[in-house]
**Student:** 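One structure, pasted below without further comment.
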Amino acid sequence: MKWYRIRFDQIHYEDPAPLIVTAPLDAKSQIAMHIPFAGWWGTLKGNAWLRPVVFKPDGTVLFGQDPEDDREECVSEMQIFGIALDLGATFYMKDLEDGEVYQFVVREKTELGSQ
């Protein structure tokens, strides 16, 4: 089992932001373990917008939040488990607060090591 950092690029959006997750992938390029995996959405440099994220096996995505945020502001749906994370694969995230859907494409997979 090899660990990868997977970069999803947001598409069809006026100010796209990358979505990054680190997870082990099996021989089929699917996430090898059904446990939550963390990452971030945004840019790590400067004062740019950045949100920590946790992807759960049931398709729930949890975001870091401010204390005054409602739960709906911090939860979305995006299933990345059980699907090949191949370059060019398309994924959709649905915002549970307003129903907006964001489209992402796998642009980069960087091997981090083996276990």
**Student:** What's the shortest heavy-atom distance between Ala84 and Ala89, and which atoms?
**Tutor:** O-CB, 3.9 Å
**Student:** Hey, what do you get for CD (Gln10) to CD (Gln103), rounding to the nearest 0.5 Å?
**Tutor:** 10.0 Å
**Student:** When the side chains of residues 29-37 are checked against the rest of the protein, which donor-acceptor pairs come out under 3.5 Å, sequence neighbours left out?
**Tutor:**
residue, atom, partner, partner atom, Å
Ser29, OG, Asp86, OD1, 3.3
Ser29, OG, Lys109, NZ, 2.9

**Student:** Just to verify, what does Glu77 make a side-chain hydrogen bond (donor to acceptor under 3.5 Å, both in side chains) with, not counting sequence neighbours?
**Tutor:** none
**Student:** Return the OG1 to CZ distance between Thr90 and Phe104, rounded to the nearest 0.5 Å.
**Tutor:** 11.5 Å
**Student:** Report the residues that fulfil ring-ring contact (aromatic ring centres under 6.0 Å, His included) with Phe91, sequence neighbours left out, ordered by chain and then residue number.
**Tutor:** Phe8
**Student:** Test of understanding: clusters of I, L, V, M, F, W, Y form through side-chain heavy atoms closer than 4.5 Å, transitively. Do Ile6 and Leu112 belong to the same one?
**Tutor:** yes
**Student:** What's the spacing between Leu19 CG and Arg107 CZ if we round to 0.5 Å?
**Tutor:** 13.0 Å
**Student:** With sequence neighbours left out, what residues match Arg5 under side-chain hydrogen bond (donor to acceptor under 3.5 Å, both in side chains)?
**Tutor:** Thr22
**Student:** I need the minimum non-hydrogen distance between Pro18 and Trp41, along with the two atoms involved.
**Tutor:** O-CD1, 3.2 Å
**Student:** Side chain to side chain contact (heavy atoms under 4.5 Å, CB included) between Met78 and Tyr102: does it pass, once the steps are laid out?
**Tutor:** CA-CA 9 Å; Met78 180 174 171; Tyr102 304 95; over 6 Å; no
**Student:** Can you name the residues that form a ring-ring contact (aromatic ring centres under 6.0 Å, His included) with Phe55, not counting sequence neighbours?
**Tutor:** none
**Student:** Do Val21 and Phe63 land in one hydrophobic cluster if side-chain heavy atoms of ILVMFWY residues count as linked below 4.5 Å?
**Tutor:** yes
**Student:** Taking Leu87 as the starting point, is it possible to reach Leu25 by hopping between hydrophobic residues whose side chains are less than 4.5 Å apart?
**Tutor:** yes
**Student:** With rounding to the nearest 0.5 angstrom, report the OG1 to CD1 distance, Thr110 to Ile20.
**Tutor:** 8.5 Å
**Student:** Let's go through Lys56 and Val75 carefully: what are the C-alpha distance in whole Å and the side-chain angles of both, what is the deciding distance for side chain to side chain contact (heavy atoms under 4.5 Å, CB included) to 0.1 Å, and is it a yes or a no?
**Tutor:** CA-CA 11 Å; Lys56 295 174 66 177; Val75 181; over 6 Å; no
**Student:** Identify, with sequence neighbours excluded, every residue that meets side-chain contact (heavy atoms from CB on, under 4.5 Å) alongside Gln79.
**Tutor:** Phe81, Ile83
